[in-house]
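Before any comments, here is the structure.
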Amino acid sequence: MRTGPLERWSGRALLAAALVLTVLPLITMVSAALQPADVNPTGLAWPTDPQWGNFVTAFETGHVGRLMTSSLLIVAVVVPVSLLAATLAGYALGVLRVRGGGAVLIFLVLGLTIPFESLIIPLYYQAQTLGTLNTRWAVVLPLIGLFMPFGVFWMRAHFVNVPRELSEAARVDGAGVWQEFRRVQLPLALPALSALAILYFLWTWNQFLLPVVLIDNPLERTAAGALTFFQGQYSLSIPLLNAGALIVIIPVIIVFLVFQRQFVRALLSGAVKS
């Protein structure tokens, strides 16, 4: 497929505009974070005397290290469990074609349409009944359930696109369902699993509403959820607040930069057929 000069230049212009709109807020946050702690920055202006110590102050006083540890503990449970459940369910719906799978798929798609905010009050009372309120389990368990509709739909879309001849060849060679899944389907699903793992990590790390509502102790929340406590503590220090926010989003940026190839490859594998 050939593209003309106008299409190429318009595409580059759109990419440049998207890059500016993405990078400009980060540059603004960095410039604000480097201002003196007692200054209320307005607009985008690089300080004449950058206060790099604001990051150290924000990290130590805001207990950012402890908050990141809490986030990592939640991520370490949510991401593997959600991936396992989504993969098995996607395999059952996409390859095994279990009875009633169509109705289950419709039910999951309907789950994607429910506003997340509408579930907060029921989740609060449910956590109170289960005794998980004000613990990390009050965030872990709902996140696993809330991630299921998208994860199952994502993995089913991958398994449906795998040629059925591969499964038939494995069955002819005497492989059972579990052997076929582990030796044939799972290796082919690694790009889709990698992309889904990245999305799960980003969504869990950036989770804000659940920790704020379900955990009273700010130091037991996720790093993003604890920014409310941090903002309350430094309500008059915008530079320190921006410094703390930048520290929190650094792991997200690193994870995406490290695994961006796998993410793009998984997206292209669903759009390009050989």
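Remember, predicted model here, so these are calculated numbers, not experimental data.
Judged purely by atom type and a 3.5 angstrom limit, Asn134 uses its side chain to pair as donor or acceptor with the backbone of Asp216. One N or O on the side chain of Ser71 and one on the backbone of Leu67 form a donor-acceptor pair closer than 3.5 Å.
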Review item, side-chain donor-acceptor pairs of residues 74-87, under 3.5 Å, at least two apart:
from, atom 1, to, atom 2, distance (Å)
Ser82, OG, Val78, O, 2.7
Thr87, OG1, Leu83, O, 2.6

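Listed by chain and number, the residues in a side chain to side chain contact (heavy atoms under 4.5 Å, CB included) with Phe153 are Leu105, Val109 (sequence neighbours excluded).
The shortest distance between side-chain heavy atoms of Val152 and Val104 does not fall below 4.5 Å. Considering only heavy atoms from C-beta on, Leu186 comes within 4.5 Å of Leu193 through its side chain. Looking at heavy atoms from C-beta onward, Asn54 lies out of side-chain contact with Leu34 at the 4.5 angstrom threshold. Counting only heavy atoms from C-beta outward, the side chains of Met68 and Ile247 approach each other to under 4.5 Å.
Transitive grouping of hydrophobic side chains (ILVMFWY, heavy atoms separated by less than 4.5 Å) keeps Val160 and Leu96 in distinct clusters. A continuous path of ILVMFWY side-chain contacts below 4.5 Å connects Ile121 to Leu210, so both sit in one hydrophobic cluster. Leu246 and Leu257 fall within the same hydrophobic cluster, where Ile, Leu, Val, Met, Phe, Trp and Tyr residues are linked whenever their side-chain heavy atoms come under 4.5 Å apart, directly or through other members. In the hydrophobic clustering of ILVMFWY residues, with side-chain heavy atoms under 4.5 Å counting as a link, Leu199 and Ile253 come out together. Neither Val140 nor Leu73 shares a network with the other; the hydrophobic side chains, linked directly or stepwise wherever heavy atoms of I, L, V, M, F, W or Y lie under 4.5 Å apart, form separate groups for each.
In this structure, CZ in Arg156 is found 9.5 Å from CG in Asn161, a value given to the nearest 0.5 Å. Once rounded to the nearest 0.5 Å, the distance linking CG of Leu209 with CD1 of Ile120 reads 4.0 Å. Asp49 CG to Gln35 CD: the interatomic distance, rounded to the nearest 0.5 Å, is 10.0 Å. Here the CZ-CG distance, from Phe116 to Leu123, works out to 7.0 Å after rounding to the nearest 0.5 Å. The line from CG of Asn217 to OG of Ser70 is 9.0 Å long, rounded to the nearest 0.5 Å. Atom CZ of Phe256 is separated from atom CD1 of Ile198 by 7.5 Å, given to the nearest 0.5 angstrom.
Two rings, from Tyr200 and Trp154, have their centers 6.0 Å or more apart.
Residue pairs meeting the ring-ring contact (aromatic ring centres under 6.0 Å, His included) criterion with at least one partner in residues 83-110, sequence neighbours excluded, are Tyr91-Phe159, Tyr91-Phe181. For the ring-ring contact (aromatic ring centres under 6.0 Å, His included) condition, no pair includes a residue of residues 27-55, sequence neighbours left out.
Residues Leu240 and Ala58 come closest through the heavy atom pair O-CB, 3.8 Å. Taking all atoms of both residues into account, the shortest heavy-atom contact from Pro187 to Pro191 is O-CD, 4.4 Å. Across all their heavy atoms, Thr222 and Pro211 have their closest contact at OG1-CG, 3.5 Å. Nearest heavy atom pair, residue Ala245 against residue Met29, reads CB-CE, 3.6 Å. Taking all atoms of both residues into account, the shortest heavy-atom contact from Pro251 to Val248 is CD-O, 3.2 Å. For the residue pair Met155 and Ala189, the shortest heavy atom distance occurs at CE-CB, 4.1 Å.
Hydrophobic clustering, defined by side-chain heavy atoms of Ile, Leu, Val, Met, Phe, Trp and Tyr closer than 4.5 Å, groups Leu166 together with Val162, Val184, Leu188. Counting side-chain heavy-atom gaps under 4.5 Å among Ile, Leu, Val, Met, Phe, Trp and Tyr, Leu21 is found in no cluster with other residues.
Crowding of Leu110 atom CG: a count of heavy atoms from other residues, nucleotides or ligands under 6.0 Å exceeding 12. Other residues, nucleotides and ligands contribute more than 12 heavy atoms inside 6.0 Å of the CZ atom of Arg12. Annotation: Trp203, atom CH2; neighbour count of heavy atoms from other residues, nucleotides and ligands within 6.0 Å is above 12.
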